[in-house]
Amino acid sequence: MQITYDNKKHERDILEKTPRAKLKTVSGKSAKNKLIHADNLSALKTLLDDYAGKIDLIYIDPPFATNGHFKISEDRANTISSSNGDAIAYSDTLVGAEFLEFLRERLIFLRELLSERGSIYLHIDYKIGHYVKLIMDEVFGREMFRNDIARIKCNPKNFHRKAYGNIKDLILFYSKSATPIWNDPRVPFSEEDEERLFKKLDKDGRRYTTIPLHAPGETINGNTNKEWKGMKPPKGRHWRTDPAILEEWDNQGLIEWSANGVPRKKIFLDEKEGKKMQDIWKFKDPQYPQYPTEKSLDLLKFIIEASSNEGALVLDCFAGSGTTLVAAHSLNRNWIGIDKSEPAIKVIQRRFNELPRNLFSKVEYEFLKKA
């Protein structure tokens, strides 16, 4: 299933006919991290020479086809340029099919750059996001779709338009293969969770719950279908572990017996790392952003920790405020950032210069720009 529109190019033509960017190094030659001031399409084509199949995580927050201009306020602009008045940070004037093809071209190159265990997170809004999902299904494969994440971006709104208030945007999560890097992120239990999920207290006041000692499915070979304490698992099920281990658990007081003699395993709250993250996230944007549409640092750290390991290479080709790059650096990942906006590049450079040296080592990066 593919979305069709006028002027849609053949994928082969995109890969072969897109010109490479001619980049020159301004500073930091050969550093592992790279900040590139150039159009991202031609820059991505150039990166293929050295980085095809080597990037483990991509996060992008592209334009949303709003048909508008985004400015930096006068006081913020004066810290990064000599201009007077508000400076345009970037223009978001591509709409409709033109926007979709603009994004598709870049997604094709991003797919080629991803490692076999790599993932991509694309941040978009509800007005265009469903069209973008069809593009991503086409580029990465529908079977590589993992999540449509709803990100709560702000407090509830009160307006007079005849529609429900919009407090969310979307993050589309895809992988390159069926076995992506996945660190199974957890979030802390709330007090309500603790009381609801771990209702029991042992003699020492530890909260716990219980689960059955058996699981679905019968085993033909092995011990998990054998008798333990004069009983066998119910029909169609097997013990969760070897009866010898069940015996150890019982001796350690880790099995609770009901009044009618049914055993269940104790699961203690203080031994759990937290609960699995679901697909509704509450990461609100900064109240005083350094750059238009700047995203939460905690949001980017969460994504990077979930889908990459230390030493991995992270790419953001719509780098904007540089939050992805700062998050990657703080988590001991290497990074590549691309943006064609001069205000964006200057904001990123300033952010790295202002990182507290007691928390972060000096940020070394190769700064390249269009020759």
Side-chain angles (χ1 to χ4, degrees), residues 59-77 79 86-93 95 99 121-133 146-173 185-197 274-307 316 318-328 330-331 341 343-344 347-348 350-351 354:
Y59 168 88
I60 57 172
D61 178 23
F64 286 5
T66 61
N67 197 25
H69 301 281
F70 290 82
K71 297 182 178 181
I72 296 179
S73 62
E74 181 177 351
D75 58 342
R76 184 69 69 183
T79 68
D86 291 355
I88 293 178
Y90 70 93
S91 295
D92 179 11
T93 54
V95 297
F99 169 78
Y121 291 74
L122 185 149
H123 211 137
I124 200 71
D125 78 352
Y126 72 102
K127 293 181 180 178
I128 195 71
H130 300 91
Y131 298 96
V132 173
K133 184 184 183 301
R146 299 205 163 266
N147 280 105
D148 172 347
I149 298 158
R151 198 271 308 215
I152 307 300
K153 63 180 181 177
C154 61
N155 294 323
K157 297 176 180 179
N158 182 21
F159 56 72
H160 299 294
R161 187 165 61 90
K162 294 181 179 179
Y164 301 107
N166 170 236
I167 61 170
K168 67 170 180 63
D169 49 25
L170 310 177
I171 301 175
L172 297 170
F173 170 28
R186 301 276 162 167
V187 292
F189 292 108
S190 66
E191 289 186 13
E192 180 184 348
D193 292 330
E194 293 177 1
E195 294 176 1
R196 177 173 56 86
L197 300 174
K275 59 184 178 180
K276 188 175 182 68
M277 186 66 156
Q278 304 299 311
D279 61 2
I280 298 178
W281 295 2
K282 294 182 180 179
F283 291 101
K284 294 182 180 178
D285 293 335
Q287 187 174 1
Y288 302 105
Q290 302 179 64
Y291 191 80
T293 70
E294 180 179 338
K295 296 300 183 288
S296 159
L297 182 61
D298 288 337
L299 166 68
L300 270 302
K301 284 184 174 181
F302 187 86
I303 289 172
I304 289 168
E305 289 189 308
S307 291
D316 185 347
F318 293 91
S321 64
T323 302
T324 305
L325 316 182
V326 172
S330 70
L331 295 170
S341 162
V347 166
I348 294 168
R350 188 184 69 240
R351 287 186 74 175
E354 293 176 354

So, do K276 and R186 sit near enough that their side-chain heavy atoms are less than 4.5 Å apart? yes
Any heavy-atom pair between the side chains of F318 and D61 that's under 4.5 Å? no
Spacing of OG belonging to S330 relative to CD belonging to E305, to within rounding of 0.5 Å: 8.0 Å
Residue pair P156 / I167: nearest heavy atoms and the distance that separates them: CA-CG2, 3.6 Å
Below 30° counts as parallel, above 60° as perpendicular, anything between as tilted: where do the rings of F283 and F302 land? tilted
Can you name the closest pair of heavy atoms from A328 and I304 and give their distance? N-CD1, 3.5 Å
Nearest heavy-atom pair of P343 and Y291: which atoms, and what distance? C-CE1, 4.1 Å
Looking only at atom types and distance, does a side-chain atom of Q287 sit under 3.5 Å from a main-chain N or O of D285, one as donor and one as acceptor? no
Nearest heavy-atom neighbours spanning K168 and K153: O-CE, 3.8 Å
Considering non-hydrogen atoms only, spot the tightest contact between I124 and P62 and give its length. CD1-CG, 4.4 Å
Identified side-chain contact (heavy atoms from CB on, under 4.5 Å) partner of L172 from the options H123, K133, H130: K133
With rounding to the nearest 0.5 Å, note down the distance linking NZ in K295 to CD1 in I171. 9.0 Å
Surrounding CD of E354 (heavy atoms of other residues, nucleotides or ligands, distance under 6.0 Å), is the total greater than 12? yes
Apply salt bridge (Lys or Arg N to Asp or Glu O under 4.0 Å) to the pair D298 and K284, showing each step before the final yes or no. CA-CA 9 Å; D298 288 337; K284 294 182 180 178; over 6 Å; no
By side chain to side chain contact (heavy atoms under 4.5 Å, CB included), R351 pairs with (sequence neighbours left out) Q290, E294, S321, T323, V326, V347
To the nearest 0.5 angstrom, please state how far the CG atom of N166 sits from the NZ atom of K127. 8.0 Å
Distance-only, no hydrogens or angles: does the K162 side chain make a donor-acceptor pair with backbone N or O of H160 under 3.5 Å? no
With sequence neighbours excluded, residues passing side chain to side chain contact (heavy atoms under 4.5 Å, CB included) with F173: S119, Y121, R146, N147, I149, W182, S307
For K275, what residues pass the side chain to side chain contact (heavy atoms under 4.5 Å, CB included) criterion, not counting sequence neighbours? V187, F189, D193
Approximate separation, where rounding is to 0.5 Å, of D279 CG and R151 CZ: 15.0 Å
About how many Å separate OG1 of T324 and CD1 of I348, when rounded to the nearest 0.5 Å? 9.0 Å
Which atoms form the tightest heavy-atom contact between P185 and A306, and what is the distance? CG-CB, 3.7 Å
Please evaluate residues D125 and L170 with respect to the criterion side-chain contact (heavy atoms from CB on, under 4.5 Å), reporting the C-alpha separation (whole Å), side-chain torsions for both, the decisive distance (0.1 Å), and the verdict. CA-CA 6 Å; D125 78 352; L170 310 177; over 6 Å; no
